[in-house]
2 protein chains.
Amino acid sequence: MPQETIGTSEERSPLSKERVLRGAIALADEKGLAALTMRSLAQELGAKPMSLYHYVANKDEMLDGVVDLVFSEIELPSSAGDWRVEIRRRADSARQALQRHPWATALMESRTTPGPATLRHHDAILGTLRSAGFSVKMAAHAYALLDAYVYGSALQEAALPFSGPDTVAIVAEPIVQLFAEGEYPHLMEIATEHVLKPGYDFGDEFEFGLNLILDALAAALPADQA
Amino acid sequence: MPQETIGTSEERSPLSKERVLRGAIALADEKGLAALTMRSLAQELGAKPMSLYHYVANKDEMLDGVVDLVFSEIELPSSAGDWRVEIRRRADSARQALQRHPWATALMESRTTPGPATLRHHDAILGTLRSAGFSVKMAAHAYALLDAYVYGSALQEAALPFSGPDTVAIVAEPIVQLFAEGEYPHLMEIATEHVLKPGYDFGDEFEFGLNLILDALAAALPADQA
DNA sequence: ACTCTTTTCGTACTTAGTACGGCAGCTTTG
DNA sequence: CAAAGCTGCCGTACTAAGTACGAAAAGAGT
């Protein structure tokens, strides 16, 4: 006597590439990237491991799809409207997406085959910059700069031992202890006088850099248009 | 009858943590990060897998050590001398190190336990910025910005399907083919009119952003000092 | 109901990390 | 110089994970 639809937690709609990828994201969000195995994912989906291979060629290809899905969560900038507003919107949106899925930053590296959402994303940014009046070359420069900054920030934030504005103090003690040896005076200074202060939020750090970059790009625009 | 010292290629000095880590780097450089397994590394070192565990607790810890070794390859900025020169030097040096070991960027993400070289590195940069006159807060901002940019650029460069200034054309064809569908007009434009042009070098892209950031930081210095 | 197609899965092989205990050679000590 | 101990090296073997291969089950269409 099979147990049929007794399963309480696991969803049991038919599988699909979409469901597999979304399940993978959910699993990675919950348990971390290391816990994302074909076997555990199958279980999560109420299926058996080999069933997944009907929708993805192999795990690597699945990860490509996952990365593209994460990219699709990022708001696209519009080519109309103020370019600074649009670029900022997408930068913030990208940071949020990579905050929701901290493991994704690591994945983006190894995957050299961008998916449609990724390409669309890049295309939209370049479009916005070109519409703003940047030359082809300058748009490429600006794009590389902005993108490097956004991903680099995501990398940094993912590496931070804390996440919210308030969880800082929890891990502060052992770190300060380590620095107290006097070997890293400047790290010590920045830690105690800035990062470990109550109101610290990495988001402020991010905004500072983003503003600085946008201002500098805006200043370079007139000369580029000439 | 043991074959003694007949082995031609494999080094056969006694093992050490140093040798294990350097072997790991060499293997990753040669065959890629995926090929770096405890088994293959042991073979490379002319030893058996389990021997490695005398020098590293487990693979993860080994990777931590590897990352720290890569960091130690980066030139430290000095607190004396012009801060822009020093910061630029370390930025270029960092890019070179991450170019030599493209797989390292991916590793730096997951490792939340920085080694001594990493800490020394960060400390030196902060020291240089502080000596230049930046306030604690501004130094933190500048540091986050610069670092995010350097790592982000490394990430971008590692994701590029080509490496040198001239290998571009090789992979250009299929890419252009893909874009030609007209779905990504701006990517297409940047590709054909900029990236795929003969003299293209990602290094120029990097320098542009670095200059822009340094200029903007320099402009912010006076107000910060006041 | 039968056949064709699509979806799901059972079995089993391979690779990789690593726990555990043994042994060899050098070092120390009587 | 021999017995005892320590250090570094490794043989064996277990577990987890990706996935090849082919078959069973579930639908679809006539």
Side-chain angles (χ1 to χ4, degrees), chain A residues 1-7 10-28 30-67 103 106-107 110-111 113, chain B residues 1-7 10-28 30-67 103 106-107 110-111 113:
Chain A
M1 57 180 97
Q3 58 170 43
E4 305 209 6
T5 48
I6 302 184
E10 315 308 345
E11 30 268 274
R12 216 38 183 89
S13 35
L15 249 27
S16 71
K17 180 155 188 177
E18 170 95 10
R19 262 172 59 69
V20 169
L21 296 183
R22 293 211 180 280
I25 290 181
L27 223 182
E30 260 178 74
K31 311 267 185 65
L33 190 55
L36 174 54
T37 70
M38 299 306 273
R39 290 170 138 98
S40 61
L41 175 56
Q43 185 155 39
E44 177 98 354
L45 295 171
K48 293 298 154 65
M50 288 314 292
S51 303
L52 307 181
Y53 287 91
H54 208 71
Y55 302 96
V56 294
N58 51 51
K59 189 175 181 179
D60 270 3
E61 201 222 57
M62 184 181 83
L63 294 179
D64 282 344
V66 162
V67 168
W103 44 265
L107 278 188
S110 50
R111 326 272 115 220
T113 36
Chain B
M1 55 181 95
Q3 59 171 42
E4 306 209 4
T5 49
I6 302 185
E10 315 307 346
E11 30 269 273
R12 217 36 183 90
S13 36
L15 287 179
S16 72
K17 180 155 187 176
E18 171 94 10
R19 261 172 59 69
V20 169
L21 296 183
R22 293 212 180 279
I25 290 181
L27 223 181
E30 261 180 72
K31 311 269 185 64
L33 190 56
L36 174 55
T37 69
M38 299 306 273
R39 290 170 139 97
S40 60
L41 175 56
Q43 185 156 37
E44 178 97 352
L45 294 172
K48 294 298 154 66
M50 288 315 292
S51 304
L52 306 181
Y53 286 91
H54 249 272
Y55 304 96
V56 294
N58 50 52
K59 189 174 182 180
D60 270 2
E61 201 223 54
M62 184 182 82
L63 294 179
D64 282 344
V66 161
V67 167
W103 43 266
L107 279 189
S110 48
R111 326 271 116 222
T113 36

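The chains referred to below are lettered A, B, ... by the order of the sequence lines, with proteins before strands, and numbering in each begins at 1.
- A search for side chain to side chain contact (heavy atoms under 4.5 Å, CB included) contacts involving A:L41 returns A:V20, A:A24, A:L27, A:L36, A:L45, A:L52, A:M62, not counting sequence neighbours.
- The side chain of A:L15 lies closest to C:dT8, out of C:dT8, D:dC10, C:dG17.
- One interatomic measurement links the two molecules: CZ of A:R19 to P of C:dT7, which rounds to 14 Å at whole-angstrom precision.
- For the pair B:L27 CG and C:dA16 C1', the computed distance is 14 Å after rounding to whole Å.
- Looking at residues two or more places apart in sequence or on another chain, you find no side-chain hydrogen bond (donor to acceptor under 3.5 Å, both in side chains) involving B:S16.
- Between A:R39 and A:P49, the shortest heavy-atom distance links the atoms CG-CG, 4.0 Å.
- Within residues 50-66 of chain B, the residues having any heavy atom under 4.0 Å from DNA chain D are, by residue number, B:M50, B:S51, B:H54, B:Y55.
- Nucleotide D:dG18 holds its P atom 17 Å from the NZ atom of A:K48, rounded to whole Å.
- Of the candidates C:dG17, C:dT18, D:dA17, the closest approach to any side-chain atom of B:P49 belongs to C:dT18.
- When rounded to the nearest whole Å, the span between CG of B:L41 and C1' of C:dG17 equals 13 Å.
- C:dG10 atom P lies 13 Å from atom CZ of A:R39, rounded to whole Å.
- Going from atom CD of B:Q43 over to atom C1' of C:dT15 covers 14 Å, rounded to whole Å.
- Identified under the salt bridge (Lys or Arg N to Asp or Glu O under 4.0 Å) test for residues 50-60 of chain B, with sequence neighbours left out: B:D60-B:R111.
- We find that CE of A:M38 is positioned 16 Å from C1' of C:dT14, with the value rounded to whole Å.
- Under the side-chain hydrogen bond (donor to acceptor under 3.5 Å, both in side chains) criterion, B:E61 pairs with no residue at all, not counting sequence neighbours.
- By the salt bridge (charged side-chain N to carboxylate O under 4.0 Å, His left out) test, B:R22 pairs with B:E18, sequence neighbours left out.
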